Number of protein chains: 2
Amino acid sequence: MARKYIDNPNACSLVHTMNIIGNKWKPIILYLLSNGSMRFGMLNTLIPTISKKVLTNQLKELESDGLLLRQSFAEIPPRVEYSLTEKAIGLLPVLRQLSDWANEAYPEMEFEQCRIIENGKKPAYNNVYKK
Amino acid sequence: MARKYIDNPNACSLVHTMNIIGNKWKPIILYLLSNGSMRFGMLNTLIPTISKKVLTNQLKELESDGLLLRQSFAEIPPRVEYSLTEKAIGLLPVLRQLSDWANEAYPEMEFEQCRIIENGKKPAYNNVYKK
DNA sequence: CTGGATCCACATAGATACTG
DNA sequence: CAGTATCTATGTGGATCCAG
């Protein structure tokens, strides 16, 4: 037995982090917003395999966890812009390290050939989004 | 619109990382094994709210993704030891940064009061494991 | 002790249609 | 355009029993 007592604030904050961003879509949403704000429809276009319902839900959760700012403009047609909060911006370097780790640990995956979207068309190899 | 074309090996490797470790239990399993190998039953004791079936499944997936080494000893009663691979060890610093981020971004959570287990008893506040 | 097999409950995802 | 509402399908998790 390795130990009987584990004092692990780190484990619990790690769990908390994973509860917030540890799923299929949220890291990608944060990544896509890292260059600036984006509209709902653009996010949906850039992540072709997500449904509107799920995207809506993910954006709500990210907003309620303080990672996203939602700005709704009273126009016709309506416009909603999503952008990262400071909290989320602080997370970007870590996300970068997570992707760096995958590139090193799984060189055979050849991630450099992977695109989300090219010239407005859906990619032929978006299978990484399908688990 | 922020951009029409996104060249994002980082996004895809990030997705891959999250497919591997981005769920409720796997980061905790990796964290618990960071000090050395551990048996199945000990992991189950240290994560009281996981069922055997799910723990088995998580361990299998981690093993097939090259993060865990599984050593089965032909004894009676049987003994199985799990330990981290080099690949997983390379991930530990990033996991540490993820927990650091949560501590900074959510100071009100007071993770330092959170334990997985104390002196062999189940903790009174393991709610962080229940989403 | 370490699981595998089975059954069941529940939550989530997907598809479709609709609305302000 | 940016969602909501509804229904269904899928799958994941929990509990229990069984096996080597």
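Residue numbering restarts at 1 for every chain, and letters A, B, ... go by the order of the sequence lines. Because the structure is predicted, anything quoted here is derived from the model rather than measured.
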For the pair made of [atom1] in [X] and [atom2] in [N], what is the distance, rounded to whole Å?
{"X": "B:Leu55", "N": "C:dG4", "atom1": "CG", "atom2": "C1'", "answer": "14 Å"}
{"X": "A:Asn57", "N": "C:dA11", "atom1": "CG", "atom2": "C1'", "answer": "11 Å"}
{"X": "B:Leu68", "N": "C:dG3", "atom1": "CG", "atom2": "P", "answer": "12 Å"}

Do any N or O atoms of the protein come closer than 3.5 Å to N or O atoms of nucleotides 14-16 of chain C, and which pairs are they?
from, atom 1, to, atom 2, distance (Å)
C:dG14, N7, A:Lys53, NZ, 3.2
C:dG14, O6, A:Lys53, NZ, 2.2

- Query: Which residues satisfy the side chain to side chain contact (heavy atoms under 4.5 Å, CB included) test with B:Asn57, sequence neighbours excluded?
  - Reply: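 Per chain and number, B:Asn57 pairs via side chain to side chain contact (heavy atoms under 4.5 Å, CB included) with B:Glu61.
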- Mind checking side chain to side chain contact (heavy atoms under 4.5 Å, CB included) for B:Val80 and listing every partner two or more places apart, or none if nothing turns up?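 Once residues adjacent in sequence are excluded, the partners of B:Val80 under the side chain to side chain contact (heavy atoms under 4.5 Å, CB included) criterion are B:Arg70, B:Ser72, B:Tyr82.
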- Task: Can you pull out how bent the helix from C:dC1-D:dG20 to C:dG20-D:dC1 is, comparing the axes over its first five and last five pairs, to 10°?
- Result: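 Computed from the C1' atoms at both ends, the axes differ by 50°.
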- Task: Could you identify which residues of residues 73-82 of chain B place a heavy atom less than 4.0 Å from some atom of DNA chain C, listed by residue number, or say none?
- Result: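 Per residue number, the list reads B:Pro77, B:Pro78, B:Val80, B:Tyr82.
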- With B:Glu104, which residues qualify under side-chain hydrogen bond (donor to acceptor under 3.5 Å, both in side chains), at least two apart?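 Not a single residue meets the side-chain hydrogen bond (donor to acceptor under 3.5 Å, both in side chains) criterion with B:Glu104.
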- Task: With sequence neighbours left out, write down each residue that passes side-chain hydrogen bond (donor to acceptor under 3.5 Å, both in side chains) with B:Tyr106, or none if nothing qualifies.
- Result: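 Checked B:Tyr106 against side-chain hydrogen bond (donor to acceptor under 3.5 Å, both in side chains); zero matches.
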- Is the backbone of B:Asn103 close enough, under 3.5 Å, to the side chain of A:Ser13 for a donor and an acceptor to pair up by distance?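 Flag not set: sc A:Ser13 to bb B:Asn103 has no pair under 3.5 Å.
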- Message: Suppose the criterion is salt bridge (Lys or Arg N to Asp or Glu O under 4.0 Å): which pairs have a residue in residues 81-93 of chain A, not counting sequence neighbours?
- Response: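 As it turns out, the salt bridge (Lys or Arg N to Asp or Glu O under 4.0 Å) pairs with a partner in residues 81-93 of chain A, which skip direct neighbours, are A:Arg79-A:Glu81.
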- Task: Identify the 5'-most and 3'-most nucleotides of DNA chain D with at least one atom closer than 4.0 Å to a non-hydrogen atom of chain B.
- Result: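 Span of nucleotides near chain B: D:dG13 to D:dG20.
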- Should B:Ile21 and A:Met18 be marked as a side-chain contact (heavy atoms from CB on, under 4.5 Å) after you check the CA-CA gap, both sets of side-chain angles, and the distance that decides it? CA-CA 9 Å; B:Ile21 61 151; A:Met18 282 306 172; 3.9 Å; yes
